[in-house]
Amino acid sequence: MAKLSLFTLLGLGLTLLKDHDSSYQTRLNVFREVQPVELPKCNLVKGIEAGSEDLEILPDGLALISSGLKFPGLKSFEPDKPGKILLMDLNEADPAVVELNITGSAFDLSSFNPHGISTFTDADNTVYLLVVNHPDVKSTVECFKFQKEEKSLLHLKTIRHKLLPNLNDIVAVGPEHFYGTNDHYFIDPFLKSWELYLGFALSYVVYYSPNEVQVVADGFDFANGINISPDGKYVYIAELLAHKIHVYEKHANWTLTPLKSLVTNTLVDNISVDPVTGDLWIGCHPNGKRIFFYDEKHPPASEVLQIQNILTEEPKVTVAYAENGTVLQGSSVASVYKGRLLIGTVYQKALLCEL
């Protein structure tokens, strides 16, 4: 990607300044209120109070959950505690969570600040968990081995790279291979705020492997969730502030080609893919102002989209769940397992519903 100078940024800013207020409000959906969509039976998950920003459900029904995110500009209910990875068993009638013990002498637990997560299962059934981490407001990817019997994570490696400055989410395609979204282009907090405010659409997606790192897609207005189709042929990218889900074809050399985009009326966050049907389940923010500017009197709402047949001419988009924030604030992810829907949030609780 070409580097942009401060003077270029200011020039772009002056060009856009005239219409930035209305554009910013539109991108944040500041006037939208949700119409409730209820499910027959929903219960808050015991033991989650400070976020469940991303989650992965393994084929055996074990769910790994990222909790305790501290992100600039966002609310935190446990600002002085490190983050953690939680485990719950969706085969249980009333599952609660346990915190996974993290081992490995090179890993600093005190600065653990997990964001997006993704799993990869090797040919020998070893499960690797890759975690976007923000120690000291930086971005790394932590590679763990999931040890089921011990209910623990063995830290294997920390990945840092200049093309991974503002990681948000990843989808693992190997033990230390992944596609990752950078939700901003700039690193400086001041420039990042103007990038967001003026809608420069400079964020991008990177493919990372130990031997090769490359930008594979760019031009996003806050690239967020990312996932891959069950057959591994397509990559899905959520563009938060453009309210779009993008479909890219994945090639043998790991490059991506854009195929189509689907416009929604909500801010799309993390994407989960049903391994059986291929349906996309997306945690969404109906009103972005309420997620970025927290007010307990007007909490952020929650919304879950189900997208069926996204590769066809006429995908079916269904609001599977919607609530105004009195029960669940700031839904960021949703995933299904055997007729149950698990919904996570950026900084609050988690909800388990029967479909």
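Keep in mind it's a predicted model, so treat the numbers as computed, not measured. Side-chain atoms are counted along with the backbone in the values below, which use heavy atoms only and exclude waters and symmetry mates.
Formation of a donor-acceptor pair under 3.5 Å by the K138 side chain with backbone atoms of P165 is not found in this model. Proximity of a side-chain donor or acceptor of S302 to a complementary backbone N or O of L328 within less than 3.5 Å is detected.
Side chains of E142 and T158: a donor-acceptor N/O pair is present below 3.5 angstrom, by distance only. Using modelled atom types, one finds no donor on one side chain facing an acceptor on the other under 3.5 Å when comparing E78 with Y347. Remark: the Q25 side chain and the S23 side chain contain no N/O donor-acceptor pair separated by less than 3.5 Å. E56 and T119 are linked by a side-chain donor-acceptor pair at a separation below 3.5 angstrom, with hydrogens and angles left out of the test. E149 and Q147 share no donor-acceptor pair across their side chains, judged by distance under 3.5 Å alone.
Salt-bridge annotation for E150 and K145: absent, with no side-chain N of the basic residue lying under 4.0 Å from a carboxylate O of the acidic one. Electrostatic pairing of R290 and D295 does not count as a salt bridge here, judged by no charged N lying under 4.0 Å from a carboxylate O.
Not a single disulfide bond (SG atoms under 2.5 Å apart) links C143 to another residue, sequence neighbours left out. A search for ring-ring contact (aromatic ring centres under 6.0 Å, His included) contacts involving Y248 returns nothing, not counting sequence neighbours. Legend: residues meeting ring-ring contact (aromatic ring centres under 6.0 Å, His included) with Y207, ordered by chain and number and at least two apart, are Y179, W254. Every residue meeting the ring-ring contact (aromatic ring centres under 6.0 Å, His included) condition with H115, not counting sequence neighbours, appears here in chain and number order: F71, H134.
Note on Y234 and V317: same hydrophobic cluster, where clusters join Ile, Leu, Val, Met, Phe, Trp and Tyr whose side-chain heavy atoms are under 4.5 Å apart, directly or indirectly. Linking Ile, Leu, Val, Met, Phe, Trp and Tyr residues whenever their side-chain heavy atoms come within less than 4.5 Å places W281 and L351 in a single cluster.
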Show the numbers, then the answer: is there a side chain to side chain contact (heavy atoms under 4.5 Å, CB included) between I65 and I48?
-> CA-CA 10 Å; I65 302 168; I48 298 180; 4.0 Å; yes

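Legend: salt bridge (charged side-chain N to carboxylate O under 4.0 Å, His left out) pairs involving residues 57-75, not counting sequence neighbours, sorted by first then second residue: D60-K148. Sorted by first and then second residue, the side chain to side chain donor-acceptor pair (under 3.5 Å) pairs involving residues 332-341 (not counting sequence neighbours) are N91-Y337, R340-E354.
Residues L86 and V98 fail the side-chain proximity criterion, which asks for heavy atoms closer than 4.5 Å.
For an aromatic pair to be called close, the ring centres must be under 6.0 Å apart, and H285 with F292 fails this.
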